[in-house]
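Okay, structure first, notes after.
Model, not experiment: these values are computed from the prediction. Hydrogens, waters and symmetry mates are skipped; everything else that's a heavy atom, side chains included, is used. To find a chain, count down the sequence lines: A is the first, B the second, and so on, and within it residues start at 1.
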Amino acid sequence: MADTTAAKDDLGATEREIITTRLEKAEALRALGVNPYGNGVSPRHLAADLQARYGEAPTEEIARDPGAWSLAGRVLAVRSFGKAAFLKVRDRSGELQVWVKKDKLGEAGFERFKLLDVGDLIAAEGPATRTKTGELTLEALSFTILTKATRPLPEKWHGLTDVEQRYRQRYVDLVVTPGVREVFVKRAKIVSGIRRFLDARGYLEVETPTLHKPEEAGGAAARPFETHHNALGLDLKLRIATELHLKRLIVGGLDRVYEIGRIWRNEGIDRRHNPEFTSIEFYQAYATHDDLMTLTEELFQALAVEVSGGPVISFQGQAIDLTPPYPRISMVLEAARALGLSGEQALSGAGLGEALARAAAGIAEKEPAWKLSEAAKKSPGEAIAVAFEILCEPKLPVDRPAFVVDFPLETSPLSRRRDADPRLVDRFELYVAGMELANAFSELNDPADQRARFEAQVKAKVAGDDEAMPFDEDYVRALEHGMPPTAGEGIGIDRLAMLLTDSASIRDVILFPLLKPQA
RNA sequence: GAGGCGCUAGCUCAAUGGUAGAGCAUUGGCCUUUUAAGCCAGUGGCUGUGGGUUCGAGUCCCACGCGCCUCACCA
């Protein structure tokens, strides 16, 4: 019977009544010879085709054109007049009004039409016309309900505003919330734009393992998800970065490689973090981190133009100009200056402890003050990084991106040492709108140095740093075969999508963000 | 993990501690140029869950669940 499906579910009386009624309509359609879940209908046109064909053409011109247009899509609104109705229909290209009239459809056709509900998927065919109000409209000579929607859509004016439901039922969100579809179209453009950009520069797209043996799960400071392969009896981790495998390919002579792929990090969830996210990492042999700054500027400008229509974007009310060049801001010098020291003093640790204590005393909030004073116990390089984060990061430019350069060695276990100052590495991070969007460096290719850095990581891990990297012996072996001088970069695709779609939360650029199960 | 805010009909929202309401949707009636169509008449509720205070709880208290924001961790 029609209501068995509805009765099984945990529904309120109103919703059950709606579903029951719609199931009865589906049965009524069957009785009239219409399969409420039919197929085999392929529309020959899109809503956008009619707009493109007629544009602002006057009514008389459209009337001269006998064109039989054929559309299919979801009915989003119905304005019914008894023997005629106007439907708002949407397909993947846009929306178009469909005008259904009893005298055009005939008695039988109109009986079938009367079983329509908002939300149903339909196909219609007929000539175009312009209504009295000037709206381009398809006048249906034939009309079919293709798929019966048995659940009601949210209210037509306010739509779905409960963000929890929007994320849990993204299929509804995409139907009723304006702009959601556009965000994901833009996200797709960003990814394809990056591919085109790198492909044009001779890069090869590759895929590396996402299941890592425990010793492989490095390339970043993060805690991994753990899993298990039954047949091999092998504990595995989901990758936290693609870095170490991609650089093995540089050793292998592929020279320019990139991978766009999913990364998993077993950490907190907030506006800028989802446990699984998408990164692009690319590596270019015979390039330096300076080369990558230029390349990054070109890429970001190109993507802004492609996705937003110009280099100046608007993010959360702030105009941001992505036109190169972006300022380079020295982590060491800025942190030192904020502490009242010279860069040399900060790096050598001279007066650093006192300066950190002074700075901590000058901060009202407890947490950052505590972090600053704790930093005095760390190495100068680590202390500089902490001081920069607390004292300088909030002061980075807001109306344009900024490269942070001059990273201390201790914070960068895979980066190449600077020839001019071995306490620093050739590394930069790109900050836009307060978000870290990219991280890049000239790669460390000295296997002995890499071995020492891994050993330091292992020591840190033993000392309690559960984000320190494991010792990847095979990666050192690869370096021993010789990796050409190389620069590499990673970009967070989700954050880039946030930036270019003006989205405040990473959940707004991930189709199905991770949420706790409902009670 | 900590703090703040929220959870009422399918959806969007009301309701001094005193009979849970409206709009949309839905159902029935009228209507062949509407744009959140209109007019008339109906239906629809375990107020997130569980305790407590009270003569009486959507409202006050406690616990729990889910979400959002801020912070911590992090990209």
Min side-chain heavy-atom separation Ser412(A)-Leu444(A) under 4.5 Å: no
Check this one for me: any side-chain N or O of Lys371(A) less than 4.0 Å away from OP1 or OP2 of C73(B)? yes
Where along residues 433-440 of chain A does a heavy atom fall under 4.0 Å from RNA chain B? Glu436(A)
So which pairs with a foot in residues 110-124 of chain A pass salt bridge (Lys or Arg N to Asp or Glu O under 4.0 Å), sequence neighbours left out? Arg22(A)-Asp117(A), Lys25(A)-Asp117(A), Glu111(A)-Lys114(A), Asp117(A)-Lys148(A), Asp120(A)-Lys148(A)
May I ask you to say what Tyr167(A) touches in the nucleic acid, namely base, sugar-phosphate or nothing, with a heavy-atom cut-off under 4.0 Å? sugar-phosphate
Treating primed atoms plus P, OP1 and OP2 as sugar-phosphate and everything else as base, which nucleotides of nucleotides 8-15 of chain B get B, S or - for protein heavy atoms under 4.0 Å? --BBSS--
Touch check for Arg166(A), heavy atoms < 4.0 angstrom, all strands: base, sugar-phosphate only, or nothing? nothing
Look at all strands and tell whether Arg168(A) reaches a base, only sugar-phosphate, or nothing, counting heavy atoms closer than 4.0 Å. sugar-phosphate
Starting at CD of Glu243(A) and ending at P of A75(B), how long is that distance when rounded to a whole Å? 12 Å
Map Glu267(A) and Ala77(A) onto RNA chain B by nearest heavy atom, then report which one ends up closer to the 5' terminus. Ala77(A)
Is it the case that the side chains of Glu259(A) and Thr208(A) hold a donor-acceptor pair, with the cut-off being a distance below 3.5 Å and no angle test? yes
Students often get this wrong, so: under 4.0 angstrom with heavy atoms, is Ala85(A) touching a base, only sugar-phosphate, or nothing? nothing
Integer angstrom distance from the C1' of U53(B) to that of C66(B): 26 Å
Which part of the nucleic acid, if any, lies within reach of Asn274(A) when heavy atoms closer than 4.0 Å are counted: base, sugar-phosphate only, or nothing? base
Length of the CZ-P vector between Phe86(A) and G38(B), whole Å: 15 Å
Donor-acceptor pair under 3.5 Å: do we get one between Thr131(A)'s side chain and the base of U34(B)? yes
Categorize Gln97(A) for me: base, sugar-phosphate, or nothing, with a 4.0 angstrom heavy-atom threshold over every strand shown. base
Arg151(A) with Glu15(A): basic N within carboxylate O range, under 4.0 Å: yes
Residue met sooner reading RNA chain B from 5', once Arg272(A) and Asp117(A) are mapped to nucleotides: Asp117(A)
When you compare the side chain of Ile260(A) with that of Leu198(A), does any pair of heavy atoms fall below 4.5 Å? no
